[in-house]
Amino acid sequence: MTRKNQKYHLDHNTLSFIPVERNKFWKKRSLLQYVFVIAMLSMVGFLSLSQFRLTPHEYLLAKENNQISEKILSQKTTIASLRDSLKEVVENDDVIYRPFAEIRPIPTEIREAGVGGTNRYSELAGMEYSEDVIDLLNNFDKLERQIQVQNKSFDEVEELVSFIDDYYAAKPGIRPISRKDELFISSYYGRRFHPVYKRYKMHHGIDYAAQIGTPVYATGKGVVKAAHYQSGYGKVIKINHGFGYLSVYAHLSKYIVSKGDTIKRGQLIGYVGNTGVSTGPHLHYEIRKNNRTQNPLYFYIDDLKDSEYQKIVSK
Ligand SMILES: [Zn+2]
């Protein structure tokens with residue numbers, strides 16, 4: 001058997017091939033070449049990473065792994081941006097919406113409350129990307145929980161705000177006659193010397209001197225409790241606004257609403273007169289809260305302009 005690359009020469013005496021002994025220099029040179037080639041190959045292998053030595057299946061797996069990493073990164077970004085948006089909503093809720101509905105902010109420990117335990121996704125442990133995936137799922141769960149808390153808060157605010165809307169629509173809030181029709185206030189709320197009875201007496205309302213036939217408007221939404229003649233008050237309308245409020249319009253010349261009618265704020269209900277115990281044409285206007293009279297001056301919306309008032313009463 002002959003070795004490859006082995007050189008031979010013909011011995012003319014024996015007529016046989018004799019192996020040629022290599023000299024030391026050539027031996028060294030071949031070794032260097034060998035080392036050089038190995039070095040080059042491993043460099044190429046290193047530079048091209050694993051591609052040259054991966055089977056197609058491994059190559060697909062590696063590609064898939066890359067995609068998973070990218071997906072995880074993009075989900076992390078999504079969670080971060082969702083968390084930012086939610087943070088803004090939560091801040092508005094605690095600073096604007098809930099205070100508006102007159103309810104306290106939700107404590108942070110409730111908003112931040114976690115779900116399940118830390119081992120909720122333990123079956124996913126020990127795999128590639130386990131830590132990232134579990135972290136991602138936990139963050140999604142936390143976000144979901146926080147969104148649930150926020151939605152509950154919105155329901156609460158919505159309910160109370162609709163209640164508040166009703167409350168402010170009903171609560172007496174405007175003057176019963178237009179400023180342009182009012183001649184002067186002939187009597188304020190409080191103790192006074194009564195012009196007819198000639199003694200000090202509590203005056204439970206405010207008297208607007210005005211001409212007979214001046215329109216009188218309901219000061220809040222409600223239901224007519226009475227529209228009848230009553231001694232002292234003369235022709236009087238009483239409106240029940242709910243929430244404990246009642247408004248009274250007395251000494252009228254005429255009423256154009258009846259008991260049981262539903263009334264809007266600003267609706268024309270009758271006209272100024274001089275009926276009952278009265279020393280001249282005027283409107284006696286009264287507000288009662290839980291059957292106790294209140295000073296009507298405290299109920300007017302202070303910064304309501306005449307033009308705005310006219311818009312309310314002409315609806
Ligand atoms: Zn009066």
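What you see is a predicted model; the values in this text were computed from it and never measured. Counting from 1, the numbers follow the sequence of the chain as shown. Every number for a ligand or one of its atoms is a count from 1 in the order of the listing.
Asp166 places a side-chain heavy atom less than 4.5 Å from the side chain of Lys221.
Of all N/O/S atoms in His284, ND1 sits nearest the Zn ion (ligand 1).
A salt bridge (charged side-chain N to carboxylate O under 4.0 Å, His left out) check over residues 147-158, counting only residues at least two apart or in different chains, returns the pairs Arg98-Glu156.
Counting backbone and side-chain atoms alike, His282 contributes no N/O/S atom closer than 2.8 Å to the Zn ion (ligand 1). The Zn ion (ligand 1) has an N, O or S atom of His203 under 2.8 Å away, backbone or side chain. The distance from the Zn ion (ligand 1) to the nearest N/O/S atom of Asp207 is under 2.8 Å.
Tyr189 shares a hydrophobic cluster with Met202; the chain of contacts runs through ILVMFWY side chains whose heavy atoms sit under 4.5 Å apart.
Two rings, from Phe163 and Phe243, have their centers less than 6.0 Å apart.
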